[in-house]
Amino acid sequence: MTWVVFGVAVVVVLGLIIAACNKALRSSRRGVSSGIGDGLGNFIDVFDPGNARAARDLKEQDNVGHVVPSPDGDDPPYGVDLKAGRVTIRRS
């Protein structure tokens, strides 16, 4: 009889813990991190830090863009004047 009560208590407590964790992960608080997602997201760093570093570098390369146009000598067939709010297109 005591094992049944103990088992039910363990199931209830485990259910409450799962519900609380689920609510914490799904909450829509802006700018607040739960910490659990960060810990699980960096879990690969523990076992394979080289691969994780390479994956981060590849992800950063997606955000890299050209600062100025390449100096190949060819001007684009259009011009944009932001102050006048005008676009000019050259005909070839």
Side-chain angles (χ1 to χ4, degrees):
M1 182 69 172
T2 57
W3 289 106
V4 173
V5 173
F6 181 72
V8 169
V10 167
V11 169
V12 168
V13 169
L14 186 60
L16 289 174
I17 290 173
I18 290 173
C21 289
N22 191 19
K23 183 176 180 184
L25 289 174
R26 291 178 180 251
S27 67
S28 62
R29 296 177 295 172
R30 292 184 151 198
V32 178
S33 175
S34 64
I36 294 174
D38 293 337
L40 294 176
N42 294 330
F43 191 66
I44 192 170
D45 292 344
V46 175
F47 295 109
D48 197 0
N51 189 17
R53 195 174 313 117
R56 279 193 308 268
D57 289 341
L58 285 175
K59 190 183 287 186
E60 287 176 10
Q61 288 297 320
D62 291 339
N63 299 327
V64 173
H66 297 288
V67 177
V68 294
S70 61
D72 58 358
D74 293 334
D75 290 332
Y78 56 86
V80 178
D81 186 6
L82 295 177
K83 290 184 181 179
R86 179 174 55 187
V87 176
T88 57
I89 300 175
R90 281 188 292 136
R91 293 188 180 177
S92 49

**Asked** Residues two or more places apart in sequence or in another chain: which of them pass salt bridge (charged side-chain N to carboxylate O under 4.0 Å, His left out) with D62?
**Response**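 In terms of salt bridge (charged side-chain N to carboxylate O under 4.0 Å, His left out), with neighbours along the sequence ignored, D62 is linked to no residue.
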**Request:** Could you list who else is in L14's hydrophobic cluster, with ILVMFWY side chains joined at under 4.5 Å, directly or through other members?
**Result:**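 Cluster partners of L14: I18.
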**Request:** Name all residues meeting the side-chain contact (heavy atoms from CB on, under 4.5 Å) criterion together with V80; count only those two or more places apart in sequence or in a different chain, and write none if there are none.
**Result:**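 So V80 forms a side-chain contact (heavy atoms from CB on, under 4.5 Å) with Y78, L82, V87.
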**Asked** Going only through I, L, V, M, F, W and Y residues with side-chain contacts under 4.5 Å, is there a path from V11 to W3?
**Response**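 V11 and W3: separate clusters.
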